[in-house]
Structures are given as C-alpha cells and as structure tokens.
Amino acid sequence: MPLAVVGSNVVVEVNGRKVRGRQYPWGVAEVENGEHCDFTVLRNMLIRTHMQDLKDVTNNVHYENYRSKKLAAVTCNGVDASKSKGQLTKSPLAQMEEERREHVMKMKKMETEMEQVFEMKVKEKKQKLKDSEAELERRHEQMKRNLEAQYKELEEKRRQFEEEKANWEAQQRILEQQKLDASKTMEKNKKKGKIF
C-alpha cells in the first residue's frame, strides 16, 4: 500500500492554533492530520510496530561491529589489527599493567609538582607575613615616637601654664594687698579727716 507523506519543518498558524505543515495558495497541508497526510501512519509503523527490529539490528550488527573493533585494538596494543600484521601483540593484562605503571608514575610526578607549588606558596605567604609584621612594627614605633613627642609638648605647655598661673596668682595677691592697703589708708585718712 503506497503512502502519501508531506514533510515540513515550519510551524503555521491555522484557525488560531499552531501546526506543522506547508502553506499552499489553496490552503495548508498539515503534517500530523490524517486527512491531509499519511505521516502518522508511517511513524506508527516504523516506531511502534518495527521498534524491536530496530533494537535487534542495533544490538546484533552495529554494537557487535563496534565491540569487535575495540577488542581488536586492545589486543594489538592500541594499533589497528589490519595495520599491525607483522607486530607481536601484548596480552590485555600486560597492557593494563603497563598502563597502571604509567598512571602511577604520572600521579607521582603530579604529586611532586603540587608539593613544590605548595612549598613555594607557603614561602611566599611567610614572606608576606614577615613584611607586614615589619611594617606594623615600624608604624608602631613611629606612632610611639609621635605620642612621646606630643606628651612632651603637652608637659611643656602644662609647665608654662602652671608658671603663668602662679605669676597671675602672685600678681592678684599683690593687687589685693595693694587694694587692701589703699582702703586702709583711706579709712585712716577719713578718720583723721583728710579726704583727697
């Protein structure tokens, strides 16, 4: 029975809904509409009805071909069997042992490189810490000297203030004494009857 199939990778809008189909001057041929096309019948036949055949062919033919090529490559030390007719072949166990030794050597090399990088980073970090410690010590000493200089300056200002205060108090006492003496003199003069 022949099938009429319309294929399209374009989505067209028909009566407010989007469908996959082809636009023609006389209308739209919808891919998944059974009245327009036999695509759904063909899909059902291939996917649903003959799916087991597809699985069997894939497993028995394609996978077996792939597996035999890979096994041939392992027995011939990674070289294609058709190209290595005159070479001696290694057993898969010997091949695996050699690969394991190579892997162990590679891992040891990576480990030593990582240890070297780690030691270098530790040295850099220690040097940075020493530098920052020295910088902090220098700043501490500078601040200490600044504080000592400010303390000496304040002590000098306080000493000057104390001297000025003592001089001012002495002058005030002298003025008070002079006022007292002047008032006593005036009282004596009043008593004597002398008024200036």
Side-chain angles (χ1 to χ4, degrees), residues 8-21 23 63 66-67 69-80 83-84 87 90-196:
S8 176
N9 59 357
V10 178
V11 176
V12 190
E13 188 168 328
V14 177
N15 297 331
R17 61 185 181 94
K18 294 186 177 190
V19 293
R20 189 171 303 277
Q23 180 77 40
Y63 177 70
Y66 168 79
R67 191 173 70 85
K69 285 181 185 176
K70 287 296 178 181
L71 286 174
V74 168
T75 58
C76 294
N77 193 15
V79 180
D80 190 4
K83 296 178 183 174
S84 63
Q87 281 186 333
K90 290 184 181 179
S91 70
L93 292 176
Q95 176 71 22
M96 289 175 58
E97 182 62 27
E98 183 177 330
E99 288 175 359
R100 188 190 67 77
R101 274 187 263 124
E102 289 175 1
H103 181 71
V104 167
M105 294 287 288
K106 185 178 177 182
M107 293 304 290
K108 284 183 180 179
K109 182 180 177 186
M110 286 176 60
E111 185 179 346
T112 56
E113 288 174 356
M114 289 174 70
E115 285 177 357
Q116 290 172 353
V117 168
F118 178 74
E119 288 174 3
M120 184 179 69
K121 286 186 178 183
V122 167
K123 286 178 183 177
E124 288 175 0
K125 192 70 170 176
K126 282 183 179 179
Q127 186 60 42
K128 283 182 183 178
L129 286 173
K130 284 180 182 178
D131 293 344
S132 63
E133 185 179 353
E135 176 65 20
L136 286 173
E137 186 67 29
R138 184 192 63 77
R139 287 173 58 193
H140 175 73
E141 290 298 322
Q142 180 67 33
M143 289 175 70
K144 188 176 174 183
R145 286 193 295 272
N146 289 344
L147 285 173
E148 287 175 356
Q150 288 176 357
Y151 180 75
K152 287 179 182 177
E153 184 180 339
L154 285 174
E155 284 297 318
E156 180 62 27
K157 286 183 179 179
R158 186 165 72 177
R159 187 189 58 76
Q160 289 175 358
F161 172 75
E162 291 295 331
E163 285 180 4
E164 288 176 4
K165 180 180 172 186
N167 290 338
W168 183 80
E169 287 176 348
Q171 289 176 355
Q172 289 299 337
R173 282 194 299 271
I174 292 172
L175 285 175
E176 289 293 324
Q177 188 62 39
Q178 287 176 352
K179 283 183 184 177
L180 188 62
D181 290 345
S183 65
K184 283 182 183 177
T185 308
M186 281 182 68
E187 285 180 21
K188 283 183 187 178
N189 288 340
K190 277 186 186 179
K191 285 181 184 176
K192 290 182 183 177
K194 298 181 181 177
I195 298 179
F196 294 6

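Residue numbers start at 1 and run along the sequence shown.
Partner H103 forms a side chain to side chain contact (heavy atoms under 4.5 Å, CB included) with one of M105, M107, R101 and no other, that one being M107.
By the 6.0 Å contact criterion, CZ on R159 is enclosed, its count of non-hydrogen atoms from other residues, nucleotides or ligands being greater than 12. More than 12 heavy atoms of other residues, nucleotides or ligands shown are found within 6.0 angstrom of CE on M120. Residue R145 places its CZ atom among more than 12 non-hydrogen atoms of other residues, nucleotides or ligands, all under 6.0 Å distant.
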Residue pair R138, E135: steps toward the side-chain contact (heavy atoms from CB on, under 4.5 Å) verdict:
CA-CA 5 Å; R138 184 192 63 77; E135 176 65 20; 2.5 Å; yes
What's the verdict on side-chain contact (heavy atoms from CB on, under 4.5 Å) for K70 and Y66, showing C-alpha distance, side-chain angles and the deciding distance?
CA-CA 6 Å; K70 287 296 178 181; Y66 168 79; 3.7 Å; yes
May I have the step-by-step check of side chain to side chain donor-acceptor pair (under 3.5 Å) for Q172 and E176, ending in yes or no?
CA-CA 6 Å; Q172 289 299 337; E176 289 293 324; over 6 Å; no
Before you tell me yes or no, could you show the steps for K152 and E148 under salt bridge (Lys or Arg N to Asp or Glu O under 4.0 Å), namely the whole-Å CA-CA distance, both residues' side-chain angles and the distance that decides it to 0.1 Å?
CA-CA 6 Å; K152 287 179 182 177; E148 287 175 356; 5.8 Å; no
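Note: Q150 CD to E153 CD = 7.5 Å, rounded to the nearest 0.5 Å. How far OG of S132 is from CD of E137: 12.0 Å, rounded to the nearest 0.5 Å. Atom CG of L180 sits about 9.0 Å away from atom OG1 of T185, to the nearest 0.5 Å. Here the CG-CG distance, from L136 to L129, works out to 10.5 Å after rounding to the nearest 0.5 Å.
Remark: the E163 side chain and the N167 side chain contain no N/O donor-acceptor pair separated by less than 3.5 Å. Looking only at atom types and distance, the side chain of Q95 has a donor-acceptor partner in the side chain of E99 under 3.5 Å away.
Between E162 and R158, none of the side-chain N atoms (NZ, or NE/NH1/NH2) sits under 4.0 Å from a carboxylate O, so this pair counts as no salt bridge. The existence of a salt bridge linking E133 and K130 is excluded, since no basic side-chain nitrogen approaches an acidic carboxylate oxygen closer than 4.0 Å. Taking a cutoff of 4.0 Å between a charged side-chain nitrogen and a carboxylate oxygen, R100 and E97 qualify as a salt bridge.
Residue K18 comes nearest to V11 through the heavy atom pair CB-CG1, 3.6 Å, listed as atom of the first residue, atom of the second, then distance. The nearest pair of heavy atoms linking S8 to G21 is OG-O, 2.7 Å.
You'll find the side chain of F118 stays beyond 4.5 Å of the side chain of M114, heavy atoms only.
Here R173 pairs with nothing under the salt bridge (Lys or Arg N to Asp or Glu O under 4.0 Å) rule; sequence neighbours left out.
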